[in-house]
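Okay, structure first, notes after.
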Amino acid sequence: MSPIPHPELEAWRAEFPILQTRTYLNSCSLGALSRRSMGYLGEYQALWNTMGASAWYELWMGRIGELRGRVAEMWDARENEVALSPSVSGALSSIASSLDYGARPKVVVAELDFPTLVYQWLARHDVEVVRVPSDDGIGVPPERWAEYVDERTAVVATSHVFYGTGYVQDLAPIAKAARDAGALFVVDGYQAVGQIPVRPRAEDCDVYVGGPLKWLLGGPGLAFLWVREERIAELRPSIASWFGARDQFEFRTDLLEFRDDAGRFSMGTPAVPTVYTALGGLEIFREAGQERIYERIRALTADLVGRVEEAGMEMKIADEAHRSGIVMIRHDDAAGAVRRLAERNLVVDHRAGFVRVSPHFYNTAEENQRFVAALREV
Ligand SMILES: Cc1ncc(COP(=O)(O)O)c(C=O)c1O
């Protein structure tokens with residue numbers, strides 16, 4: 001097996017206590033908790049204890065603004081294009097509520113997308129959802145999108161990385177199909193952010209959603225929403241919260257005027273503990289370096305794939321050009337295997353007949369080796 005690049009990043013292992021007691025290969029479900037985030041969480045608790053509600057105005061609102069700024073920086077975006085939402089579902093709901101489907105009743109998604117993305121439009125009676133099929137159950141040929149998108153299409157919505165296969169979609173041809181038809185291009189990047197360097201504007205997206213839970217090491221409770229500045233004014237949500245109102249602290253009940261920036265898509269009081277833990281995760285992501293993280297994830301994935309092949313086990317895996325840090329290994333009793341691996345201190349996951357393994361930059365080839373050996377035994 002070839003050496004894994006950027007061995008200097010292994011110094012970060014000491015930052016994640018779980019790596020000292022477990023072989024942790026499940027970052028696509030939940031990134032590991034860092035000492036940095038624990039420190040932030042301690043600060044949040046101390047402020048709550050000592051300041052009570054005054055922490056809101058004096059400090060917590062500042063931290064919320066800081067997090068938006070950090071997300072903007074990570075995505076090479078403007079701060080007014082970024083909003084916080086309680087979940088990816090919440091962020092997508094707000095966007096889905098902002099369109100008029102009268103003249104354009106069609107929304108095009110991929111059959112491999114995460115259900116919550118598709119549900120935004122299946123939940124509506126005024127929308128016809130069209131699913132772009134996959135031939136191999138792994139990815140969707142990029143040129144296929146244009147066949148499904150037309151002048152009746154309001155939205156093209158799909159994943160940057162498919163959660164069930166790790167397949168990385170080429171966004172440019174999908175963006176072009178959407179753009180040519182005059183449709184909004186919405187990307188669920190939850191499985192991309194934190195492993196793949198993401199630039200939503202350069203990738204020609206209109207809306208991009210991610211969050212701290214998984215590869216960004218920031219825990220559950222928030223999502224990050226980016227909306228292209230030029231599209232914000234035309235998107236008027238029909239679900240709302242006071243955080244999205246222009247004059248939030250005037251407490252008006254006679255009138256709702258939305259904020260001019262992406263904050264109009266905010267859905268109420270954000271989870272402040274997650275604001276703090278997410279700041280820790282984003283700092284580590286920035287310090288370790290987006291490019292280096294991705295190179296290491298790709299190498300660890302190649303190493304894992306090689307070992308699984310050598311062990312003669314079957315996988316559902318994208319070709320190298322479209323591969324990311326999610327490896328699916330077929331197993332007759334995937335749930336049972338994951339349980340038995342957990343008994344041996346190995347943490348992985350399962351989805352529909354497959355054991356799902358997701359190495360992050362803090363993992364090592366030795367951990368891959370330990371996992372494959374244990375999987376053979378269970
Ligand atoms: C690609 C993708 N989108 C969305 C979700 C769910 O997001 P949320 O629970 O924040 O609505 C997941 C969850 O694992 C996911 O993998």
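Read the numbers this way: they start at 1 and go in the same order the structure lists the ligands and their atoms.
Salt bridge present: Glu43 and Arg63 bring a charged side-chain N and a carboxylate O closer than 4.0 Å. Contact check on Asp303 versus Arg307 returns a salt bridge, with a Lys/Arg side-chain nitrogen under 4.0 Å from an Asp/Glu carboxylate oxygen.
Those atoms of ligand 1 with a heavy atom of Tyr163 less than 4.0 angstrom away are 16 (O). Numbered from 1 in the order shown, with element, the atoms of ligand 1 that lie under 4.0 Å from a heavy atom of Lys214 read 13 (C), 14 (O), 16 (O). Interface of Thr116 with ligand 1, defined as ligand atoms under 4.0 Å from a residue heavy atom, comprises 4 (C).
Among the candidates Arg231, Arg246, Arg68, the single residue satisfying the salt bridge (Lys or Arg N to Asp or Glu O under 4.0 Å) test with Asp261 is Arg68.
The nearest heavy-atom contact from the protein to atom 6 (C) of ligand 1 is Phe114 CE2, 3.5 Å. Closest to atom 1 (C) of ligand 1 among all protein heavy atoms lies Asp188 OD2, 3.3 Å. Looking from atom 16 (O) of ligand 1 to the surrounding protein, the closest heavy atom is Gln191 NE2, 3.3 Å. If you check which protein heavy atom lies closest to atom 10 (O) of ligand 1, you get Val88 N, 2.8 Å. Of the protein's non-hydrogen atoms, the one nearest atom 9 (O) of ligand 1 is Ser89 OG, 4.5 Å.
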(request) Any chance you could lay out the side chain to side chain donor-acceptor pair (under 3.5 Å) test for Tyr101 and Trp121, step after step, and finish with the verdict? (result) CA-CA 11 Å; Tyr101 299 95; Trp121 289 284; 2.8 Å; yes

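Summarising the geometry, atom CG belonging to Leu225 is positioned 5.0 Å from atom CD1 belonging to Ile95; distances are rounded to the nearest 0.5 Å.
The side-chain tip of Arg298 points at the ring of Tyr294 from less than 6.0 angstrom away and within 45° of straight on.
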